[in-house]
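Only one structure is covered here, and it is reproduced in the block below.
In what follows, chains carry the letters A, B, and so on, assigned in the order in which the sequence lines appear, proteins first and then strands, with residues in each chain numbered from 1.
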Amino acid sequence: MRELTYDEAAVEAVAEEMRRDPKIFYLSTDPIPPLLREFGPERIRATPIAESAMTGMGIGAAGCGFRPIVDWRQVTFCFVAMDQIVNQAAKIHYMFGGQARFPLLFRATVCGGGRVAAQHSQSPYSMFMNVAGLKMFLASTPYDIKGLIKTAIRDNNPVISFESSRLLRLKGPVPEEDYTIPLGLADIKREGSDVTVVALAWLVHEALAAAEELAKEGISVEVIDPRSLVPLDAGTIRDSVKKTGRLVIADEAGPTAGFSAEVAAVATEDGATFARLKAPVKRVCALPVPIPYSPVLENHVFPDRKRILAGIREVLREGPAQAA
Amino acid sequence: MRELTYDEAAVEAVAEEMRRDPKIFYLSTDPIPPLLREFGPERIRATPIAESAMTGMGIGAAGCGFRPIVDWRQVTFCFVAMDQIVNQAAKIHYMFGGQARFPLLFRATVCGGGRVAAQHSQSPYSMFMNVAGLKMFLASTPYDIKGLIKTAIRDNNPVISFESSRLLRLKGPVPEEDYTIPLGLADIKREGSDVTVVALAWLVHEALAAAEELAKEGISVEVIDPRSLVPLDAGTIRDSVKKTGRLVIADEAGPTAGFSAEVAAVATEDGATFARLKAPVKRVCALPVPIPYSPVLENHVFPDRKRILAGIREVLREGPAQAA
Amino acid sequence: MSLSPQGRSAASPATNLPPETQREMLRQMLTIRLFEERASADYRAGKIYGVVHCYIGEEGVAVGVCSALGPQDRIISTHRGHGHCIAKGADLPRMMAELYGRQTGYCKGKGGSMHIADFSIGMLGANGIVAGGIPIVTGAGLAAQMEGKGGVAVSFFGDGASNAGPFHECLNIAASWKLPMVYVCENNLYAAQTAAAATHALPDVAARAAGYGIPGEVVDGNDIFAVHQAAHRAVDRARSGGGPSLIECKTYRWRAHTERKGQPDYREQAEIEAWKGRDPIARLERQLREESALDDAELQSMERQITAAIEAAVAFAEASPFPLPEQATDDVFAA
Amino acid sequence: MSLSPQGRSAASPATNLPPETQREMLRQMLTIRLFEERASADYRAGKIYGVVHCYIGEEGVAVGVCSALGPQDRIISTHRGHGHCIAKGADLPRMMAELYGRQTGYCKGKGGSMHIADFSIGMLGANGIVAGGIPIVTGAGLAAQMEGKGGVAVSFFGDGASNAGPFHECLNIAASWKLPMVYVCENNLYAAQTAAAATHALPDVAARAAGYGIPGEVVDGNDIFAVHQAAHRAVDRARSGGGPSLIECKTYRWRAHTERKGQPDYREQAEIEAWKGRDPIARLERQLREESALDDAELQSMERQITAAIEAAVAFAEASPFPLPEQATDDVFAA
Ligand SMILES: Cc1ncc(C[n+]2csc(CCOP(=O)(O)OP(=O)(O)O)c2C)c(N)n1
Ligand SMILES: Cc1ncc(C[n+]2csc(CCOP(=O)(O)OP(=O)(O)O)c2C)c(N)n1
Ligand SMILES: [Mg+2]
Ligand SMILES: [Mg+2]
């Protein structure tokens, strides 16, 4: 199968949907060149640096029958539009009693690793997860991002595509044929029986590397990529933990009230899952600090395969494991 | 001891600190009358409806040696200022290498119950908890709010005081003498041995009511009010769960990646706590929906003493409880 | 033009609107007033919940502007939304049922006073966040431009909202893109308790239009014909591809910022009384009588009809069921 | 006044600044340029990380404005911050060490190019969020007003930032409260790849001042004396309680938006060349020579000194240790 980068796969998803549906148009402060070339400046619009207006205009046009894509670019730029996201996009369908639909795709680059410091590096998806009325996902492969973006564009609600800055150049197989991936469906990226690692984005790849290494020692790691954050596929996560009895969560965001906390809660509030859990849950996350610039510092802040390995070893050591 | 309302206690804390320190001033779109009368329009400033500017101006004045208080009023109004909160206030001390201090108190009313619908009812504190660089608390009594606000005003960092709309008129004893309550210190509002309920704000009172009722059945409930969200007193929570073996978390916010998820993770990632946990963790939260207007609907969305009771009974039923 | 309560502006020039149109404008203004008087009473009686913001005294703006619009045109409102709803043609029973928190309300009881919308008539909703609607309706303007059918979008907002960032961002985009927009600032001189004089660098919000190269006009918001004519010019301009305009309507709210009991109102009583003397409804009545386009009998019949319609709306609301508790989880997402 | 690259404006009137001041202005502009040429080279060599935005071509603005300020005055910068730092008197070794990500940098390696600040000299920081600094420095203006010692605060921001909400909110507040502020728009005609012509309703950002009743002036940003004089007037006005001003400096960046390799630059080569012909540094050199205030020997010695200072800064940076990994958890909160 042909290979595309994560970034190319995302743009291809947009382009294919735009060819199919003339109601789709695109707003961002700097247009993406191939989209601009193909669709022209009427459908690929360069906006002033006014993300609040841009986001609200997307909502308004959606309510009038269009299907806008609003690209915030770095997720940190969308905080200026937070009212439009949280008070408007998320609530408007509900508070008007469902009388109009607001099909909207928001795109935002998250994660760190670029040495661009605190105002350009953040993984704040859990801030949005707590807001009722928004769907969102964070893909880890070119295949997944294409399928998820297509689903999101066809969805009749605001959906946020968080996209990992570390993966933009990652290549992977992407079929030529049209396909979609439903929201709310986790992907088991590797099957295993001793421990479950729930990981997001770049850390899916780091978890797979860790799993590879542990396989040499006879330890079998299951790697689950939820892909979709809201809705979250609690069933797949719980089934895996019921099987392995151990849970490590790897996330490039800070732990506090993060995605990782939600997964910990999802696992430990379910009776059947809790009953099989043999060791404490382990969160392998960024340190709770703004992201620093200097490579030495930035590298120290983020989790990686080594910390995932250490986390896995910790949950294997702890609890009534040996007894089981 | 004399009694004050929650709201009066908060205003008294501000007034006492303002008398003590001329560097404190207050920004909000509608000044609080008693503060305006005492301190005049130079120190109690009415701003245009421009929360983004207001918040940033607080940051700038703080960096120049003042100690501003920025009152967003309804927390939903602060989303227009989210860039200044998340990208600036939270990060500025760190990204500039600690060279300047930014003492700032933000005030925001949270929670629901007022039939004011989705754009005026939200409990989004977990959105801020995930952001490194912000301290925050949510008091449940007049005594606590006064002591915490005073601490926050004296702190050299941005601190958010979330204040419960349901409690504004709640009366309680408040000493005349100066006192402060440290951030990061939970308060055990009721001691008990069978189950731990970690609750916030209004739900502290609902949990106490539930505990009273269960006491009649011989069930002993410990009610912990963390008060401070960041830093969170994990030690007190864990110690309690180690003692009781059961954890219910009651929060007026939605569960997803919420405060409740964080407490679940804090309890279940700690080896000693996990080892004593006899039943799954239980979250008693708002339904994950925007807040509706009609009383029938709004009442259904929020947890209350009945749901806390049900949650407690559930964790008492489940797990190897009877065996212990 | 800048207006004091005494009104330095001359009465607007004789309009060439047909008398039935003028009477319809009166009928709509009266409907707003009587609807809100009833809503206010029912709020105090505990039948309406939360918070209600009354538009009484400002009726000339909503009706003056909406009478210059067609059904394909779209508007957005503020937290003070009843007037805009009624002027755009919303259904009184469904409005009242929404205030009563009933299943049959415009938002099935989920929105209440601050969130009444009727997308089917181009009313994109009241909005509880100051200036929050301006970007959304500017998106409706973009939609109208892309649809290419001559539709126009109108943003209503207060003097308070004109100090917020989205106002600026949207005026600039609308001007750059020549969107078919009309921005209508309802300058009632206060944002909640705060006087506009204390928070605005200049008394006229309309002066800001110059920064974007678009027309900015101050009109007496209590003179419905002046409002209508200004709106008409702006709508024509927008429809014909000329881009956006800013119209500032000087007006005044008669009641406190909200209907909440015990809410302070720091405005001077004399100021309130002076503005009551400039009642847009009484003014139109007077004009119509002077032109012999209205007599006592007609007026009484009009009032009777409106009162009956409001009674019917209340009866509908009262008879409608509350939502079922479980319906709280409906409508989070569209199918 | 509106400027094309050819420059319709006449050269600014003969200045009465003493020659040593004029030479100091030249020295500062040259320092900015040579510092950035070195930073750019070191970035390409992998010694500087992340992203670097160069100010080359726009030096006249930072130096022209800051030369009108005193040490008690405060400024804030943008993502393109080196020029403002140097013009306000920041230390080159600590700047370079920050770019190199070292412990001895201004931010201990936590900030990098986009976040250099020196509060001790009134430089409140570069800022990675477009328009993010405007409210913060307006707070510094409020602080100055409350301190009552005649301090002034200056906000530097781009043409792109002038379309963002905080610009509007702050101009209005500063004008209402008569804050001692100078708002300096560096209109380099582009926001990243997007031409200002495509996103601004009017070519002159300065036109927006009228909406707030404050002075708005367009100056040739490549004419350092014109900038200095405009800044001087605005600073005087602010210091004496007259409130804020908006100064728009038309200028141009010579390099791509960032130094990132392979980054596209869609601007016309001819446009870039035309603007290089209007180099603010060459222009001041020429003027000084014409006035016999500078000769080759002096210029060469100045360049040697600056080069040596930059070499010393690089040597300091190179010799400085990287932070320890554990220091990543320092400085989240102040004691
Ligand atoms: C962003 C935001 N800040 C504050 C409020 C609280 N608030 C509601 S209405 C209002 C005053 C609005 O004034 P104006 O825009 O002039 O409209 P008016 O009420 O006078 O019609 C305020 C401050 C809000 N709803 N949203
Ligand atoms: C809120 C926000 N949106 C987008 C960006 C990305 N961005 C960085 S610089 C820039 C262009 C800024 O243009 P301008 O203000 O004219 O400054 P210049 O780069 O020309 O000096 C953009 C869009 C950002 N940093 N912040
Ligand atoms: Mg008003
Ligand atoms: Mg620019």
*Do the side chain of B:Y293 and the main chain of C:L99 share a donor and acceptor less than 3.5 angstrom apart?*
yes
*asked:* Before you tell me yes or no, could you show the steps for C:N163 and B:I49 under side-chain contact (heavy atoms from CB on, under 4.5 Å), namely the whole-Å CA-CA distance, both residues' side-chain angles and the distance that decides it to 0.1 Å?
replied: CA-CA 6 Å; C:N163 290 332; B:I49 305 173; 5.7 Å; no
_Greater than 12 external heavy atoms within 6.0 Å of C:E326's CD_ = yes
*Close side-chain approach of B:L297 and C:P325, heavy atoms under 4.5 Å*: no
*Would you sort out whether B:S294 and C:F322 count as a side-chain contact (heavy atoms from CB on, under 4.5 Å), showing the intermediate values?*
CA-CA 8 Å; B:S294 188; C:F322 278 102; 3.7 Å; yes
*asked:* Can you tell me which portion of C:F333 sits under 4.5 Å from chain B's heavy atoms? Options are side chain, backbone, both or neither.
replied: neither
_Below 4.5 Å, heavy-atom pairs only: which of C:A164, C:G111, C:A191 has the largest tally toward chain B?_
C:G111
*asked:* Which atoms of C:N127 are under 4.5 Å from chain B, going by heavy atoms: the side chain, the backbone, both sets, or neither?
replied: both
*Backbone N or O of B:P48 within a donor-acceptor pair of the C:T199 side chain at under 3.5 Å?*
no
*Using non-hydrogen atoms only, which part of C:V51 is less than 4.5 Å away from chain B: side chain, backbone, both, or neither?*
both
_Beyond-backbone contact of B:H120 with C:M114, side-chain heavy atoms, under 4.5 angstrom_ = yes
*With a 4.5 Å cut-off on heavy-atom pairs, point out which of C:G109, C:G132, C:A161 contacts chain B the most.*
C:G109
*Note, C:T194 side chain near B:D30 side chain (heavy atom, < 4.5 Å)*: yes
_Counting only non-hydrogen atoms closer than 4.5 Å, does B:V116 touch chain C with its backbone (N, CA, C, O), its side chain (CB onward), both, or neither?_
both
_If I take atom CD from residue C:Q327 and atom NE2 from residue B:H300, how far apart are they, to the nearest 0.5 angstrom?_
10.0 Å
